[in-house]
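Counting convention: from 1, in listed order, for ligands and their atoms alike.
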Amino acid sequence: MKITKVESFVLHVPLNPPITDAINSPTHWGLPGVRIFTDEGIVGYGYTGTCALGDEMIADTIDRYYAPALLQRDPFLVRDIWQSLRYGDLHWVGRAGITQMALAAVDIALWDIMAKAAGEPLWRYLGGHKTDGIKAYNTNGGWLNWTTDRLLQDITTFVDEGFTGVKMKVGKPDPKEDYERVKAVRQAIGDDVDLMLDVNQGWNITTAMRWGKKLEDFDPLWLEEPLNPDDTIGHKKLADELNTAIALGEHLYTKYAFRDYIHQGAVEYVQVDATRVGGITEWLEVAGLAAAYDLPIVPHVGDMGQIHQHLVAATRNAPMLEYIPWIRHIFVEPVQVEKGRYRLPELPGAATEVSPEAFERYRVR
Ligand code: 0YR
Ligand code: MG
C-alpha cells in the first residue's frame, strides 16, 4: 500500500454553552487534522484536540513538512514514519507543542488506515480484550463556570444515569469556594461514586499543599494537574505529602516526560493522551512504561474518546476512560456510552472518520 495524497483540515465545533476550567475557556473544540489517501482506496482520518486556538499552525506543519515526507510511503511502516517525521526537518524547532500534535494527527490517521485494511475496529486490531466495554467517568458537568446548583443538578443526573465516576473542576480564585462546592457534590452523590478533582494547573505549591490536604475530607480518587506540567519536583512533593493520588499527563508530549514523572513517583494516574503525545505509536510505549510500574492509565480525551476507547480496550492497566460528549455528533461512528460504560466500536478503523455533512458544516480550513 502507498500513500497518494495528504490533506490537512481544521474543524471548529461549538460548545453550547462555553465552559471554563482554571486556565481555559473554550467556546469551540478545535480539530486540526489530516486525511491520508492511499492507492488502495482506503482513507485514514486523524486529528488532535485544541481550544480552537493555534489550529492553523498545526495544519501548516502537516501540509508544509509532513505531507511531502509521507507521499509514496507504506502506511504500515508507521513506526518508521513516526521516527522520520519527529527526527526530520522539524527536529530543530519541534519535539513538543505544535509539531508533536501535528505528528499525533498523522500517526492516528496511519493506525486508522491499518485497522481499516485489516477490516477490524482498532481495539481488535490491537488485540483488545474488553469485549463488554469499558467504564466511563463523566467530566461534562463539573465545569468551573457552572453555578453550584447546575453542578449538583448535572452530576446527580449522571449518577442516576448509571455513571460510577464523575470529575469536577476546582481552582476558583478563592479555594474556600472550591471546598464548599466539593463538599456539596460529595454529599449529593454519596460515598460510593468515584469523585475526581481537576485543578488544570491553577495552583502553586503552597495552595496545592494546603487545599489538597483540606479537600481530602471528601475522599477524592485523585487530584489532577495541581501544578504546571513542567514541575516534576513540585508534583513529587505533593505525591509524598498528600494522601490523595496525583493524576496528570494531558500536557506531556513524550515518553521521556512520562519516564521522569513515573520514575520519581510524582504521578499515580497516568493520563497520557494520544492526541498530544504524538499519536498511538508513542501512547503504546507510555502504556508499557506505566505497566512496568503497575500504574493505572486513565487517558485524557483530547479526542473526546473516539480513539482512546480503542486503546483502553486493549490495555490491561487502564481501568476507565474520561467522557465528554462534545463532538460525538460529527463522527460516522460516535462514541456510545450507556449506563456509565463505553460500548466498543464495530466498524473497521479508529472511529476517527468524520461524516461528510459534519465535515462541510464545521470546516474552517
Ligand atoms: C478544555 N480534562 C481536561 C477542557 C480538559 C479541559 O479546557 O476539556 O478541562 O482538557 O482537563 O481532564
Ligand atoms: Mg484535566
Ring geometry between Y293 and H263 (parallel below 30°, tilted from 30 to 60°, perpendicular above 60°): perpendicular
Protein N/O/S neighbour count - the Mg ion (ligand 2), strictly under 2.8 Å: 3
Interfacing atoms of ligand 1 (cut-off 4.0 Å, heavy-atom, E250): 2 (N), 3 (C), 5 (C), 10 (O), 11 (O), 12 (O)
Whether F359 and F9 hold their rings parallel, tilted or perpendicular, with breakpoints at 30° and 60°: perpendicular
Side-chain ion pair, K167 and E224, N-O less than 4.0 Å: yes
Sidechain-backbone polar pair: E333 side chain, E346 backbone, donor-acceptor under 3.5 Å: yes
Those atoms of ligand 1 less than 4.0 Å from some heavy atom in E322: 2 (N), 12 (O)
E225 touching ligand 1 at heavy-atom level, < 4.0 angstrom: no
For atom 12 (O) of ligand 1, closest protein heavy-atom neighbour: K167 NZ, 2.7 Å
Residue R95 excluded, over 12 heavy atoms near CZ under 6.0 Å: no
Partners passing salt bridge (charged side-chain N to carboxylate O under 4.0 Å, His left out) against D194 (at least two apart in sequence or in another chain): K135
Distance, nearest 0.5 Å, that separates CD1 of I134 from CD of Q309: 6.5 Å
Backbone of T20 reached by a side-chain donor or acceptor of N145 within 3.5 Å: yes
Region of V301 engaging ligand 1 - heavy atom pairs below 4.0 Å: neither
Worked verdict on W143 versus W326 for ring pair (Phe, Tyr, Trp, His ring centres under 6.0 Å): CA-CA 13 Å; W143 306 113; W326 283 345; 5.2 Å; yes
Residue pair W29 / C51: nearest heavy atoms and the distance that separates them: CZ3-SG, 4.0 Å
Region of H300 engaging ligand 1 - heavy atom pairs below 4.0 Å: side chain
Ligand-residue contact atoms, ligand 1 with W326, heavy atoms, under 4.0 Å: 8 (O)
Proximal ligand 1 atoms for N24, defined as those under 4.0 Å from one of its heavy atoms: 7 (O)
Carboxylate-amine/guanidinium contact K2 D39, below 4.0 Å: no
Taking atom 3 (C) of ligand 1 as the reference point, the nearest protein heavy atom with its distance: K169 NZ, 3.2 Å
Proximity flag E224 to ligand 1, non-hydrogen atoms under 4.0 Å: yes
Those atoms of ligand 1 less than 4.0 Å from some heavy atom in W143: 9 (O)
Which segment of T139 sits under 4.0 Å of ligand 1 when only heavy atoms are counted: neither
Identity and separation of the nearest protein heavy atom to atom 6 (C) of ligand 1: D21 OD2, 3.2 Å
Where ligand 1 meets D198 - atom numbers and elements under 4.0 angstrom, heavy-atom basis: 2 (N), 3 (C), 11 (O), 12 (O)
Ring centres under 6.0 angstrom apart (H308, Y323): no
Cation over ring face, R150 and W146, 6.0 Å, 45°: yes
